[in-house]
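Below: the structure, in structure tokens.
Please read these numbers as outputs of a predicted model, since none were measured by experiment. Protein chains get the first letters and strands the later ones, always in sequence-line order, with residue 1 at the start of each.
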Amino acid sequence: MMTRLAPVSESAKTAPPTPVSAATQDGETPRLLVIDGHSMAFRAFYALPPENFATDTGQHTNAVHGFTSMLLTMIRQQKPTHVVVAFDLDTPTFRSLEYTEYKGGRNKTPEEFYGQIDLIIKVMAAMNIPTISVDGFEADDIIATLSVQGETAGWDVLVVSGDRDAFQLITDKVLVLYPKKGISDIPPMDAAAVEAKYFVPPNRYSDLAALVGETADNLPGVPGVGPKTAAKWINQYGGLEGILDNLDSIGGKVGESLRAHVDDVKRNRRLNHLLRDMELPVALDDMVLQAPDREAVEELFDALQFNTLRKRLFDLFGEEEEHDDGEGHQVPAHQLVTEAAALKKWLAAGKATLTAVDVLSEPLGLQREAVAVALVRADSAAVVELGTADEALDRQLGTWLAGDAPKVVHEYKEALKALAPRGHSLGGVVDDTSLSGYLIQPDRRSYDLPDLSQMHLKVTFAAAGTSDAGQLDLGLEGGARFADAVQRGYVALLLSEHFAPMLAERGAATLLAQLELPLAAVLAQMELTGIDVSQERLDALLADFTAAMNAAQAAAFDAIGHEVNLGSPKQLQEVLFEELGLPKTKKIKTGYTTDAASLKALLEKTGHEFLAQLMAHREASKLKQMVETLKKSVDADGRIHTTYAQNVAATGRLSSNNPNLQNIPIRSEEGRRVRDLFVVSDGYECLLAADYSQIEMRIMAHLSGDAGLIQAYAQGEDLHRYVGSHVFGVAPEEVTSAMRSKVKAMSYGLAYGLTSFGLSKQLEISVDEARTLVKDYFDRFGGVRDYLRGVVEQARIDGFTSTIEGRRRYLPDLTSTDRQLRDLAERVALNSPIQGSAADIIKHAMLGVAAELDKQGLKSRMLLQVHDELVLEIWPGERDAVQALVVAQMGAAADLLVPLEVQVGVGSSWNDAGH
DNA sequence: GCCCACACGTA
DNA sequence: CGTACGTGTGGGCA
């Protein structure tokens, strides 16, 4: 049985950026296509109805669609060898600085246009077409400079612009395409066309425009003077200079008018003169038309829902959507193996061949248990059912699975967990495509095999039961599931092959092999182990919190004289702001916030009993709900087995779910009672919690190399006290707790991209005060300022940030023209290296701890990870040894310029082990 | 049943 | 207008 997998593109895997046109190689004259981005985007916007072009998320795309369509047409018709797009920035230009009304009076940009320029820039990036914008200058200046550069190089230049100022650029070699309305295929303007229309040569067009004026730019001309009069004067006096030299000899009413407005004319001429000698960030040769970045186009056009455009694009660039080379990319037939000898034979046939392993599993309590294993190679596949396998077959399989034979898996950790109840392990895993996909692109929503396959291979296949492809074997028992598993394995194999060069290019191969893959095995063990919870405490706590919640609710109802759903922010707004007429809080989408901070402020202001009870209810119901969730998560073994997600947090952190054990309360007294639910198992001595002290600040000290911070840590000082003493210029012992908490907030804030505004809000001080605080801080710790500044700059250049282990996070929005997006990307750029490096470090520590426990033959075990904390369970008598090895491994997990300090506590519950 | 907004717990 | 997560509720939609 062969299942056809479609569609598959061979070219997607190769496709280096090669020039599409052979013109330059043939020695023909290069043709440069220069596009005025904003003006063409606007043309497209008004040519297509926005209501017909929008994504599911409501983003309008009519301008993007029209622009892209226009560009494709242009490339097809004009056959340029080089293409570039110039954009304006919305920053002031030398023109607007000279003449504040420049381009004033324009209608407000329609709301539907927002975001579309950014999308166009993304489309250009995906098409490998360079875009240029230069602070302080307009696209017109860039275009003029490019025209001159192209002409000087002996190239043909075609300028596409909706701005008539471009006419001054026309020469023998430079033509202008000026679309009249929307996007039409009118022929380019040459010198003759300009003269036919305006009666002046192109190099005099600016003179004419200065006299006539340009309403689009809010540049009034001479009243009564139109193109005809202007052209007559220009030709009579040989240009504007001649006219100005002979002002007095021009008669009639128009002559008077000219003399009255001569200053306007001079200003117009200064402003419509285009700079032709700018320094541009892109060289002509880098504008060569390349094949599009197929992956990026797929992703972007998927998001934009541009299906016909995608086809047009790939057609234009000669890339087939489908490619059948008659070999490979066909899921191999599989044999159902029922005897050890048959398996042995199959395994021996491809001893050192990379094999994909797909584990089929079924629920077992709240966990899963493997029921079959599919082994997939490029040309053959075998399936082994675990339930029916005899001992010999099971042993044969188990030995091979645990052995060194190179394997590819998708979701290694899940495979390990499902195999464990069968007594099987999995060794020799060289790739887990859910992890390699993550390292390549850490901010994706999903790393499902079908998603990755669609994205990277353009191969569509559906999960079991939903796909036609998976239905072929319904007649055979379990056959469809097996075929599906084989298909998954085959796709994982293809993906792994596809990813290998990408990982290498990003320097992520080591990260995968040395960190993430071994960590997956450690995490699998931690998840399998789980943590014991006290059923008695659980029930008692649930009762307590429920009672507290009910009491608070009753008291709240009493306070206002009627019932209300306290869990409904909407109903609460009614009560608070209309019924009780309390002062309005911070505005949110649905009205005014009722969050804890605002309720607290309201309570302090008004002292209303309802507020106090509402807050009590909030806390109790939150905790009750959390305890309920935990109770539901207790497995048959009386333990809670969380699941760690290794590919969710874009920074490299783990996340925890089902249930989340990384957000168990610790700050409030009541909350800590939840932490007390987690107890040491029978037979073990105690729980041990070890956490890094201020790891993010230490990483900041390391990455910035700031001498002050490094010294503070080297001396083992109280960091915030030390910083406070320097910022406030007092002796360390004179740092008040208010001063300390201010610098503490700021120190941490800096790692998150905090602004003066944000700091002022948090510390409840004025923005000026906050600004001074930041300045004083940076005056004392200049290394931090330089580092933070450099991180963003470097990320803008590279397109990504890196952690100390080289884990990357791509931030395309750093160059977005959307302020909000750009600012957010900058804050992310500040935080990601720090948060991500901390994640790298504790991951290394976990590997070290696991290896050392194993090496020393200890029975103690690792249970939990909470970002900067590890929780272990100590076997009787091993406490000192484990504490020593944990401190040693955590401390040695990275070689920083400052020491890594580890705090340890032990106790019979997680709360007791805290400190 | 699905999705969003809100709220809130952690590092 | 400080980063990274997960989970629960209410409420509007289909």
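- Proximity note for A/Lys589 (side chain, C-beta onward) versus B/dA5, C/dA4, B/dG9: the nearest is B/dA5.
- At a threshold of 4.0 angstrom between heavy atoms, the contacts of A/Asp823 with the nucleic acid are absent.
- Between A/His720 and A/Tyr748, the two ring planes are tilted [angle within 30° to 60°].
- Distance from the side chain of A/Ala650 is smallest for C/dC5 among the nucleotides C/dC5, B/dC8, C/dG10.
- In the model, A/Gln694 has a side-chain atom that pairs as donor or acceptor with a side-chain atom of A/Tyr713 under 3.5 Å.
- At least one side-chain nitrogen or oxygen of A/Gln571 sits closer than 4.0 Å to the OP1 or OP2 atom of C/dG11.
- Residue contacts for A/Ile666: at a heavy-atom cut-off of 4.0 Å it reaches the sugar-phosphate backbone alone, with no base atom in range.
- One finds no side-chain N or O of A/Thr594 lying less than 4.0 angstrom from the OP1 or OP2 phosphate oxygen of B/dC6.
- Going from atom CZ of A/Arg653 over to atom C1' of B/dT10 covers 9 Å, rounded to whole Å.
- Listed pair A/Ser655 / C/dG6 meets the phosphate criterion, a side-chain N or O lying under 4.0 Å from OP1 or OP2.
- When heavy atoms are screened at a 4.0 angstrom cut-off, A/Val674 is found touching no nucleic acid atom at all.
- The side chain of A/Pro569 lies closest to B/dC6 when the candidates are B/dT10, C/dA4, B/dC6.
- Look at A/Arg819 and you won't find any side-chain N or O under 4.0 angstrom from OP1 or OP2 of C/dC1.
- The base of B/dG9 lies close enough to the side chain of A/Asn663 for a donor and an acceptor atom to sit less than 3.5 Å apart.
- Between A/Arg618 and C/dT9, a side-chain N or O to OP1/OP2 separation shorter than 4.0 Å is absent.
- In this structure, A/Thr651 does not reach the C/dT3 phosphate: none of its side-chain N or O atoms is under 4.0 Å from OP1 or OP2.
- Of the inter-residue distances, the one linking A/Lys600 atom NZ with A/Leu603 atom CG reads 9.0 Å to the nearest 0.5 angstrom.
- One interatomic measurement links the two molecules: OH of A/Tyr592 to P of B/dC6, which rounds to 14 Å at whole-angstrom precision.
- Note on A/Gly749: a base of the nucleic acid sits closer than 4.0 angstrom, heavy atoms only.
- C/dG2 atom P lies 15 Å from atom CE of A/Met700, rounded to whole Å.
- Between the side chains of A/Gln865 and A/Gln662, a donor-acceptor pair is found at a separation under 3.5 Å.
- Between A/Phe610 and A/His608, the two ring planes are perpendicular [angle over 60°; tilted spans 30° to 60°].
- Crowding of A/Lys744 atom NZ: a count of heavy atoms from other residues, nucleotides or ligands under 6.0 Å not exceeding 12.
- Within the nucleic acid shown, A/Asp691 has no heavy atom closer than 4.0 Å to any nucleic acid atom.
- Atom pair A/Met626:CE and C/dG8:P shows a separation of 9 Å (rounding to whole Å applied).
- Regarding contacts with the backbone of C/dC1, every side-chain N or O of A/Arg827 stays at 4.0 angstrom or more from both OP1 and OP2.
- Contact annotation for A/Leu824: backbone-only contact, meaning every heavy-atom pair under 4.0 Å involves sugar-phosphate atoms and none involves a base.
- Across all strands shown, A/Ala597 has no heavy atoms under 4.0 Å from either base or sugar-phosphate atoms.
- Rounded to whole Å, the distance from CD on A/Glu574 to P on C/dG10 is 17 Å.
- In the set B/dC6, C/dG6, C/dC1, the nucleotide with an atom closest to the side chain of A/Phe757 is C/dC1.
- Of the side-chain N and O atoms in A/Lys570, one or more sit less than 4.0 angstrom from OP1 or OP2 of C/dG12.
- Nearest nucleotide to the side chain of A/Leu754, out of C/dG2, C/dT7, B/dC6: C/dG2.
- Comparing A/Asn565 and A/Pro442 by the nucleotide of DNA chain C whose heavy atom lies nearest to each, the residue mapping closer to the 5' end is A/Pro442.
- The distance from atom CE of A/Met549 to atom P of C/dG8 is 15 Å, rounded to the nearest whole Å.
- Here A/Ser656 does not reach the OP1 or OP2 of C/dG6: none of its side-chain N or O atoms lies under 4.0 Å away.
- C/dC1 atom P lies 18 Å from atom CG of A/Leu763, rounded to whole Å.
- Residue A/Thr629 has a polar side-chain atom (N or O) positioned under 4.0 Å from OP1 or OP2 of C/dG8.
- Remark: A/Arg789 is not positioned above the aromatic ring of A/Phe778, lacking an NZ or CZ atom under 6.0 angstrom from the ring centre and at most 45 degrees off the axis.
- Listed nucleotides: B/dA7, C/dG10, C/dT3. Nearest to the side chain of A/Tyr752: C/dT3.
- If you check every strand for non-hydrogen atoms under 4.0 Å, A/Ala751 touches nothing.
- Taking every side-chain heavy atom of A/His867 into account, B/dA11 is the closest of C/dA4, B/dA11, C/dC1.
- Side-chain atoms of A/Tyr412 and A/Ser434 include no donor-acceptor pair closer than 3.5 Å.
- Contact annotation: side chain of A/Gln762 to base of C/dG2, donor-acceptor pair present below 3.5 Å.
- The side chain of A/Asn657 approaches C/dT7 more closely than any other nucleotide in the set B/dA5, C/dG2, C/dT7.
- Among the nucleotides C/dG8, B/dC6, C/dT3, the one closest to any side-chain atom of A/Gln625 is C/dG8.
- One interatomic measurement links the two molecules: CG of A/Leu623 to P of B/dG9, which rounds to 8 Å at whole-angstrom precision.
- Taking 4.0 angstrom as the limit, A/Thr755 places a side-chain polar atom (N or O) nearer than this to OP1 or OP2 of C/dG2.
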